[in-house]
Amino acid sequence: MASELKNLSVFSTDNLPDISKRRFAIVVAEWNAEVTEALFEGAYQTLLHYGAAAENVIRGNVPGSFELSLGAQWFAQRNDIDAVIALGCVIQGETKHNDYINHAVAQGLTQVGVNTGKPVIFGVLTPNNQQQALDRAGGIHGNKGDEAAMTAIKMLGLQQQVYSYSPKI
Ligand code: RBF
């Protein structure tokens, strides 16, 4: 496979907005905790690295990925939260539960973002097995938690650009 030895968490960091006063919520699913803790660590450190203040990053846990949407909604509805990052890991099993959960979470998080007008980031791994997950949670393929945090930052930059734009008439 083309991605076999590649770090997939490579992203451009040009023109990032100032996030020193922005407030983030990170919602973490407790299922597959070894993986989701690593995703959290990646997301948290990335936010701090690019200028977020530690006291402006709050964390909430939900039991499983299915609960991420509601957890994200509760945070996104707060006036003092600018962006929400949802982290989970749904490993393929012998039944199709993973498909149901993945679709529900993808739709749920999309809805929360669109309804609240805030960046709500899908940081849910959907691997075939635990190793694939670990490879993407601080392993050979990078850390999707880092990417989720960077996505939140970039969306805040776009939001700022859109709302500060004034047409030259
Ligand atoms: N939650 C996850 O975050 N990752 C999983 O891999 C996962 N597998 C599940 C498998 C089954 C058969 C069931 C019933 C639940 C699973 N969940 C998983 C939990 C799910 O996200 C949710 O917490 C529960 O279904 C309660 O609403």
Side-chain angles (χ1 to χ4, degrees), residues 1-11 23-50 52 54 56-78 81-156:
M1 223 202 302
S3 64
E4 224 165 294
L5 286 171
K6 219 167 120 193
N7 181 341
L8 303 172
S9 298
V10 179
F11 35 72
R23 296 203 177 106
F24 298 85
I26 306 181
V27 192
V28 185
E30 289 170 347
W31 261 74
N32 300 311
E34 187 185 354
V35 175
T36 60
E37 286 302 322
L39 293 175
F40 171 77
E41 210 41 46
Y44 182 70
Q45 294 304 336
T46 299
L47 290 177
L48 297 192
H49 181 79
Y50 288 98
N56 289 343
V57 183
I58 51 173
R59 171 183 173 153
N61 281 7
V62 291
S65 294
F66 189 78
E67 284 72 41
L68 284 170
S69 304
L70 186 55
Q73 168 141 310
W74 287 336
F75 278 114
Q77 284 172 334
R78 276 174 57 154
I81 294 294
D82 295 307
V84 181
I85 297 165
L87 303 175
C89 172
V90 185
I91 298 180
Q92 249 183 56
E94 287 172 6
T95 60
K96 290 175 86 173
H97 69 271
N98 56 302
D99 284 346
Y100 293 115
I101 297 173
N102 293 342
H103 287 139
V105 183
Q107 278 191 4
L109 292 176
T110 303
Q111 242 176 42
V112 177
V114 170
N115 291 344
T116 60
K118 294 180 183 181
V120 173
I121 310 305
F122 180 84
V124 181
L125 295 182
T126 57
N128 295 323
N129 54 54
Q130 170 96 350
Q131 189 55 51
Q132 266 188 1
L134 292 170
D135 289 346
R136 290 158 179 77
I140 56 165
H141 291 321
N143 191 324
K144 293 289 171 194
D146 297 15
E147 281 179 54
M150 183 51 65
T151 305
I153 297 170
K154 289 187 173 189
M155 287 303 288
L156 289 173

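Order of appearance sets the numbers: ligands from 1, and atoms from 1 within every ligand.
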Exercise. Excluding sequence neighbours, so at least two apart, what forms salt bridge (Lys or Arg N to Asp or Glu O under 4.0 Å) with Asp135?
Worked result: none
Exercise. So, does Asn143 use its side chain to make a donor-acceptor pair with the main chain of Ala38 at under 3.5 Å?
Worked result: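 Side chain of Asn143 to backbone of Ala38: a pair is present.
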For this session: Could you tell me whether the side chain of Gln132 and the main chain of Asn128 form a donor-acceptor pair under 3.5 Å?
Result: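 Yes, Gln132 side chain to Asn128 backbone: donor-acceptor pair under 3.5 Å.
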Exercise. With a 4.5 Å limit on heavy-atom distance, are the side chains of Thr116 and Val84 in contact?
Worked result: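 They are not in contact (no side-chain heavy atoms under 4.5 Å apart), so the answer is no.
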Exercise. By side chain to side chain contact (heavy atoms under 4.5 Å, CB included), which residues pair with Ile58, not counting sequence neighbours?
Worked result: Ala25, Phe75, Arg78, Ile81
Exercise. For Asn61, what residues pass the side chain to side chain contact (heavy atoms under 4.5 Å, CB included) criterion, not counting sequence neighbours?
Worked result: Val28, Glu30, Arg59
Exercise. Protein residues near ligand 1, heavy-atom distance below 4.0 Å?
Worked result: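 Residue list for ligand 1: Trp31, Asn32, Gly64, Ser65, Phe66, Glu67, Cys89, Val90, Ile91, His97, Ile101.
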